[in-house]
Amino acid sequence: MSFREQQKKANNSAETYWLEQSELVSWYKAPKEVLSTNSNEWTDWYADGELNTSYLALDYHVEQGRGEQTALIYDSPVTGSKQKFSFIELTELVAKFADVLQKQQVVKGDRVLIYMPMIPQAVIAMLACARIGAVHSVVFGGFAAKELAIRIDDAEPKVIVSASCGIEISKVIPYKPLLDNAIELATHKPSSCIIYQREQLTAEMISGRDQDWETQMSSAKGIAAISLKSTDPLYILYTSGTTGKPKGVVRDHGGHAVAMLYSMKNIYGMKAGDTFWAASDVGWVVGHSFIVYGPLMAGCSTILYEGKPVRTPDAGAFWRVCEEYKVNALFSAPTAFRAIAKEDPDAALMENYDLSHLKRLYLAGERLDPATYHWLKEKTQIPVIDHWWQTETGWSIATTPFVDESSEELMLTKAGSSGFPVPGYNVQILDAYGEALPANQQGTVAIKLPMPPGCLTTVYKDEERFKSSYLLTHPGYYVTGDGGYFDEDGYLFIMGRTDDVINVAGHRLSTGEMEESISGHNAVAECAVVGIHDSLKGQVPFGLVVIKNGVTLSDDELVSALKTKVRSDIGAIASLKALIIVERLPKTRSGKILRKTLRQMIDGQDIEIPSTIEDPQVLEELSPRLANLTS
Ligand code: COA
Ligand code: AMP
């Protein structure tokens, strides 16, 4: 069936289409019910089906005779180590760690928080949770103690799994003090922490609470995967929303399994035995879906890369990994390739490597800017596919479909576009009143309900927020938070967030969280943070601060103190590019800060001054100070 026919079938006969796709999964109990409405008036997928995600990613392949095949490749230029785990080896480790968790009284439905660098133990911990029906919540290692504490209080984990340190190029980042601090800040206390001691740094353990990973594993025995309901939660992944509090996106087992296998086959064109590399982090959704679950469920070898695109040791690092492991498809963020192109503009380092196995490049996390698209196409001479998705969906909403060269339906990629809606996603561009807009008119990008399998089932413990964030603005639609348009050929262009979420080097951050951190300083009367364009990172945060009367700190001292505060509250990834002290912030008469106008002024765009502005004079005062900030 052609892509267009599949789109039509998924839109018009969702149940039939997704029943057929469910056959990709080896269920314990195959579902008869496909699509049903639950008590929260939301879609349940495959409600009567039973399965286990850890079984599908591991044991299933051993049973299929792929036990000796490499499942996980750990490549760590920052420690100089490499390790391969076959499906048999990984299954044994996961089965044992599941026992370790059970010995810590973790039972089905309990949350386990995983705060770890890019090491195999992070993957093992995730899969072990899935094996026993515990719900994991992985927190990106770059988040600082306060952010971690917020997630601990929301997820209320029985156990936290962590490591002694992370390594950022050559900098050793002690994780344990951050974890201890976070637990101290949090109201909820886990009953135990399991700590993996890395040889680069030994963490101090708290007696009675902390357990050593290796010691626990040495006495563990492997346990089997249990049967779970399709609708049982697999994980909670926190993502930035528009307020200071992150949203806990909940994902189920059954819909997720179908979506992962569907994606690996239809979007990435992968089959068992292939090598798939998502150069991301397990702390982000890309890492969940396409470092861990998708490739392993599809019987592919997956790569866990603890390094950077540049400086570990150079801008040829990605190409080295692709050659060494015969990578068939590489997925990363545009920012990573901008970093590579900046250091190696002629891609001279690429010449050193045999990339003959690499068939396609996939990009996501932010819009693939046309300059980087053209650079990649010219240098690699393979299809460069921008595809759009978000933590909430867990897999691609739009892509340019993978087709083999013999197909008549060859769909070419178009610079700046993330392609066409994937079957199952009925994407519409809406105006402020919820009316569909014609081609080439930009509006709110929304998805007509129902969403396909694999998308979020709720916001953890906050059904109201789930509804208000995504469903209430335009009844009958899921609102993505992105703005964009379809062109006359049906290509979708995603042009950026319409809310206060920004994308910094492929990391999704909330300006609201940064504002909360800045406002927490006792010299600050009020502040605004906006994302501004950056040629490497896509966007970077920029702050404007109004200070209280009587503050004795100099402006320089205050700016430096506030930058440090944001880094220590949220993490180094939230480094403010600049911060200026101003007399007043531009606001509407009802007191709303005009963030969009600020962004437009900084980016040198035409300014839309709302009729509700309190005092237009404020913009005139700010104008000279905001000009040229991004140049
Ligand atoms: N743990 C601890 N600290 C971390 C971290 C982690 N997991 N990840 C990043 N940081 C720190 C960095 O060390 C850096 O700290 P510094 O300011 O003290 O030097 C800070 O956060 C900013 O890091 P980063 O945003 O990575 O910027 P960079 O200048 O070090 O590197 C890139 C720039 C483009 C090379 C890098 O951002 C990159 O590889 N981006 C791709 C991201 C990606 O794959 N995202 C997933 C999308 S699918
Ligand atoms: P995250 O939830 O961290 O994956 O971030 C999701 C957001 O990143 C989306 O809502 C978009 O704003 C942006 N994004 C991700 N992929 C793309 C893409 N291919 N094109 C444009 N924006 C993207």
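For ligands, and for the atoms within them, numbers begin at 1 and follow the listed sequence. All of these numbers come straight from a predicted model, not from anything done at the bench.
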Worksheet item: Could you go step by step and tell me if K308 and E343 meet the salt bridge (charged side-chain N to carboxylate O under 4.0 Å, His left out) rule?
Response: CA-CA 13 Å; K308 298 267 178 183; E343 294 209 358; over 6 Å; no

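The residues D274 and K359 are annotated as not salt-bridged, no charged nitrogen and carboxylate oxygen being separated by less than 4.0 angstrom. Using a 4.0 Å cut-off between charged nitrogen and carboxylate oxygen, R338 and E366 count as a salt-bridge pair.
A 4.5 Å side-chain heavy-atom check between T372 and L363 finds every atom pair outside the cut-off.
Each of the following atoms of ligand 2 lies closer than 4.0 Å to a heavy atom of T391: 1 (P), 2 (O), 3 (O), 4 (O). Listed by number with element, the atoms of ligand 2 under 4.0 Å from a non-hydrogen atom of W389 are 6 (C), 9 (C), 15 (C), 16 (N).
Atom 12 (O) of ligand 2 has its closest protein heavy atom at D482 OD1, 2.5 Å. Shortest contact from atom 18 (C) of ligand 2 to any protein heavy atom: E366 O, 3.3 Å. Closest to atom 16 (N) of ligand 2, if we only count protein heavy atoms, is G365 N, 3.0 Å. Among protein heavy atoms, the minimum distance from atom 8 (O) of ligand 2 is reached at N503 ND2, 3.2 Å. Of all protein heavy atoms, the one closest to atom 19 (N) of ligand 2 is D386 OD1, 2.7 Å. Protein heavy atom closest to atom 6 (C) of ligand 2, with residue, atom name and distance, is Q390 CB, 3.5 Å. Remark: minimum distance from atom 3 (O) of ligand 2 to any protein heavy atom is reached at R508 CB, 3.3 Å.
In this structure, D482 CG and R497 CZ are separated by 5.0 Å, a value rounded to the nearest 0.5 Å.
Of the candidates R497, R367, H387, the one placing a heavy atom closest to atom 20 (N) of ligand 2 is R367.
Using a heavy-atom distance under 4.0 Å as the criterion, the protein contacts of ligand 1 are F140, G141, G142, E168, K171, I173, Y175, A279, S280, V286, K308, P309, R311, A333, T335, A505, G506, H507, K537, R567, A572, I573.
With ring centers used as reference points, H507 lies 6.0 Å or more from F143. Residues Y362 and F290 keep their aromatic ring centres 6.0 Å or farther apart.
If you look at H507 next to ligand 2, there are no close heavy atoms at all, none under 4.0 Å.
No more than 12 heavy atoms of other residues, nucleotides or ligands lie within 6.0 Å of NZ in K596, so this atom counts as exposed by the packing criterion.
Here the rule is ring pair (Phe, Tyr, Trp, His ring centres under 6.0 Å) with Y425, and of W388, W389, W395 only W395 fits it. Checked options Y305, Y325, W319; the residue passing with W277 is Y305 (criterion: ring pair (Phe, Tyr, Trp, His ring centres under 6.0 Å)).
Checked by atom type, the side-chain pair Y477/Q428 shows no donor-acceptor distance below 3.5 Å.
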